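Working notes, beginning with the structure itself.
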Amino acid sequence: MKKLILTLSIAILTLSGVRADEGMWLPMLIGERIEDMKAKGFELSAEDIYSVNQAALKDAIVLFGRGCTGELVSGEGLLFTNHHCGYGQIQSHSSVEHDYLTNGFWAMNRSEELPNPGLTVSFLVRMEDVTAQIEGGTTAAEVVAAAEEGGKYSASVESLYYNNKFYLFVYQVYRDIRLVGAPPSSIGKFGGDTDNWMWPRHTGDFSIFRIYAGKDNEPADYSPENVPYQPKRHFAISTKGAEEGDFTFVYGFPGSTREYVTSDFVDYTLNHSNPAKIRLRTKRLDIIGEAQSKDVATRIMYASKHAGIANAWKKWQGESLGLARRNTVGKKQAYEARFEEWAAGTEYEGVLASLHAKYAELLPYAISRDYYNEAVYAIELLGFAGRLGRLSEANYKDYSPAIDKAITVAMLSDFGENVAAEFVPEWYTARLAECGSVEAFVEWLYGTSRLTSLECYEGAKAEGYDFGSDPAVIMRREFDNLYKEKINTPYITLNQEITELYKTYMRGQMAFEPERTFYPDANLTLRVAYGSVAGYEAADGVYHLPYTTLDGIIEKDNPEIYDYDIPQSLRELYASKEYGRWGVEMNGRYTIPVAFLAKNHTTGGNSGSPIINGKGELIGINFDRTWLSTMSDLDYDPDICRNISVDIRYVLFVIDKIGGAGYLLEEMTIN
Ligand code: ARG
Ligand code: GLU
């Protein structure tokens with residue numbers, strides 16, 4: 001029976017041209033998908049998702065900082081996002097004495113909530129198709145200026161479908177955002193980089209902030225006079241959970257996908273870019289990790305940097321595995337062969353050959369560009385040289401010259417072995433020859449530069465030192481100049497030509513497959529992805545259930561292993577089973593649900609996004625994908641691509657029982 005339903009639903013999906021569960025849809029156009037969503041279990045209307053006339057769920061969602069999502073959960077500006085999205089803020093309030101990363105942070109009243117200068121959240125006010133205006137000659141800047149209403153809003157015009165469409169997005173940006181709560185890292189980052197991108201997963205990846213506004217509820221700079229923001233809409237929370245097969249959707253800001261690129265791009269990712277970037281990052285991580293394991297202060301200091309470097313490093317590995325396993329290059333080549341046959345005699349004839357030729361031209365620039373970004377610009381000292389005049393204590397707060405020096409040796413050695421001579425600045429080649437080895441060059445660089453510490457830099461400033469003669473400054477300039485002239489300029493020109501060709505190829509694909517529904521690639525604009533709770537076949541004979549529980553945390557718990565050393569209070573709760581209102585029967589045990597899998601198509605930027613049931617209630621917070629899913633940025637596979645969310649019941653349990661901040665639940669709407 002199950003098989004019959006499956007076969008039938010595949011047939012129906014094929015007929016309607018929608019690939020099951022794939023897609024990140026523009027909320028404004030969600031009406032086009034609403035019948036399909038309803039058939040799968042959505043119980044509300046398109047107007048509940050997006051409306052300019054009434055409060056809709058979109059009014060409860062924010063772009064958090066520059067690359068995460070958050071959702072409002074109370075009428076008093078309270079919002080949830082991921083622990084890893086608030087990580088920088090949590091770290092910035094932490095010291096060896098007040099180690100909120102290790103111990104967690106819970107404001108016990110509003111006056112204890114901590115301000116975060118520079119942090120903003122943006123609400124989408126509206127979006128609009130401005131293709132006709134742009135094609136009629138109005139510039140994007142003019143459209144933006146009109147939409148911003150003299151600074152009231154912040155707007156941007158974004159290209160969709162490779163310049164075939166242009167949409168205006170208008171945001172209201174709030175800038176007094178305070179930290180309210182964060183679990184200890186042993187919960188919020190439980191499993192650390194070992195479990196990152198993996199399933200089964202047991203991470204309580206959430207943190208809590210509150211938006212403050214002026215007395216008129218409008219955005220305001222930080223002030224103790226500000227009051228909690230009153231949103232037009234906030235999420236009701238369901239504590240009933242969701243079961244395998246239940247409808248879910250994720251509403252948030254996915255950053256970047258490229259579903260419609262040619263095999264050339266995928267080949268580049270798989271065979272050039274990912275291997276080089278992974279190797280370079282492995283070297284950096286080894287150096288940082290070793291220093292961290294020897295010293296607590298270093299562990300805190302480099303925590304955020306290490307997590308950031310490790311995250312993409314591991315993602316690229318999963319992506320490469322997924323692309324290879326799915327033979328995305330081969331599949332795309334076969335598709336391209338069919339396309340070319342069809343395109344003969346049409347305006348699309350030859351577009352693939354042109355793209356292929358342009359990619360071949362781009363290759364040397366793309367490769368060296370990767371090496372500049374991942375090796376040369378990974379050297380923090382060069383970062384300081386680039387910020388000369390704007391350097392402050394903040395730059396050096398989390399900096400160890402010893403670590404940076406070791407990284408510099410590793411990065412420059414790899415760079416020297418792999419980058420063609422024409423892309424290496426003559427200045428560097430000459431200095432290297434004089435010094436005799438990379439090690440000696442780096443000794444000289446760090447021994448001579450006055451940028452290796454704040455004291456050294458300020459001392460130099462006081463002496464009237466000529467920073468123009470500083471070796472780090474010279475080095476930065478020489479590498480920048482070469483990069484700009486010989487790498488990035490041709491790279492950008494070629495890329496513009498490639499984008500122009502994609503404009504044609506994109507239209508061609510739409511004409512070639514008229515029955516297929518094409519959703520625009522992600523570009524950090526608000527999207528809806530819908531699917532259902534689902535496990536997956538992880539390997540031959542191995543099925544992964546879609547739910548994990550507290551019992552799994554206890555199984556992993558190990559005081560000897562940093563990533564798996566849970567708080568004593570959690571051990572005690574498990575032993576006493578005093579779960580209060582949060583305990584459930586699951587998999588035959590009395591336990592707490594922790595994380596779950598679903599088939600929603602997500603990517604980086606969807607971190608912190610609400611995962612919502614058919615009634616529009618919040619059931620979890622999205623925070624990751626499984627390892628083999630990460631190729632969904634280029635090639636989505638409904639059989640194995642799964643997003644990972646923390647179950648909202650675990651979030652509430654931790655706030656209540658671990659944080660002792662149960663008072664926060666009173667302002668939420670809990671069904
Ligand atoms: N993989 C998730 C994302 O891409 C979580 C990253 C943070 N966690 C970590 N262990 N580095 O952002
Ligand atoms: N953790 C990711 C983020 O920062 C989400 C995981 C993904 O790439 O799907 O947005």
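What you are looking at is a predicted structure, and each value in this text was computed from that prediction instead of being measured. Atoms within each ligand, like the ligands themselves, are counted from 1 in listed order.
Inspection of the Y251 and N606 side chains reveals no N or O donor paired with an N or O acceptor under 3.5 Å. For the 3.5 Å distance criterion, the side chains of D557 and Y574 fail to qualify, holding no donor opposite an acceptor. Between the side chains of D99 and N103, no donor-acceptor pair of N or O atoms lies under 3.5 Å. Side chains of N196 and N311: a donor on one and an acceptor on the other come within 3.5 Å.
The nearest protein atom to atom 3 (C) of ligand 2, hydrogens excluded, is given as S607 OG, 2.2 Å; this is a heavy-atom distance. Ranking the protein heavy atoms by distance from atom 8 (O) of ligand 2 puts R625 NH2, 2.8 Å first. Shortest contact from atom 12 (O) of ligand 1 to any protein heavy atom: H84 NE2, 3.0 Å. At the top of the distance list for atom 11 (N) of ligand 1, counting protein heavy atoms only, stands D193 OD1, 3.0 Å.
Contacts between W197 and ligand 2, counted as non-hydrogen atom pairs separated by less than 4.0 Å, involve the side chain only. Residue contacts with ligand 2, taken as heavy atom pairs separated by less than 4.0 Å, involve N606 solely via the backbone atoms N, CA, C and O. When non-hydrogen atoms are compared, ligand 1 lies under 4.0 Å from the backbone of F623 (N, CA, C, O) but not from its side chain.
Taking the six-membered ring where the residue is Trp, the centroids of F518 and Y260 are separated by under 6.0 Å. A ring-centre distance under 6.0 Å is not found for F623 and F206. In this structure, the ring of Y100 has its center no less than 6.0 angstrom from the ring center of H93.
Atom numbering of ligand 1 starts at 1 in the shown order; those under 4.0 Å from a heavy atom of D624 are 1 (N), 2 (C). Every atom of ligand 1 is numbered from 1 in the order shown, and the set under 4.0 Å from a heavy atom of K189 is 9 (C), 10 (N). Below 4.0 Å from some heavy atom of N311 lie the following atoms of ligand 1, by number and element: 1 (N), 2 (C), 3 (C), 4 (O), 5 (C), 6 (C), 12 (O). Within ligand 1, the atoms closer than 4.0 Å to a non-hydrogen atom of G192 are 10 (N), numbered from 1 in the order shown. Near S607, meaning under 4.0 Å from one of its heavy atoms, ligand 1 places the atoms 12 (O). The contact set between ligand 2 and H84, taken as ligand atoms under 4.0 Å from a residue heavy atom, comprises 1 (N), 3 (C), 4 (O). Of all atoms in ligand 2, listed by their number and element, those nearer than 4.0 Å to a heavy atom of G605 are 3 (C), 10 (O). Listed by number with element, the atoms of ligand 2 under 4.0 Å from a non-hydrogen atom of F623 are 1 (N), 2 (C), 5 (C), 6 (C). Per-residue contacts place D624 under 4.0 angstrom from the following atoms of ligand 2 (heavy atoms of the residue considered): 6 (C).
Tested against I208 for a side chain to side chain contact (heavy atoms under 4.5 Å, CB included), the candidates L664, L179, T81 yield a single pass: L664. Of the residues listed (D21, I612, D36), the one engaging Y530 in a side chain to side chain contact (heavy atoms under 4.5 Å, CB included) is D36, and it is the only one.
Note: Q317 CD to R281 CZ = 11.0 Å, rounded to the nearest 0.5 Å.
Residue G67 has no N or O atom closer than 3.5 Å to an N or O atom of ligand 2. Of the polar atoms of N196, at least one N or O is found under 3.5 Å from an N or O of ligand 1, judged by distance alone.
For the pair L26 and M127, the minimum side-chain heavy-atom distance is below 4.5 Å.
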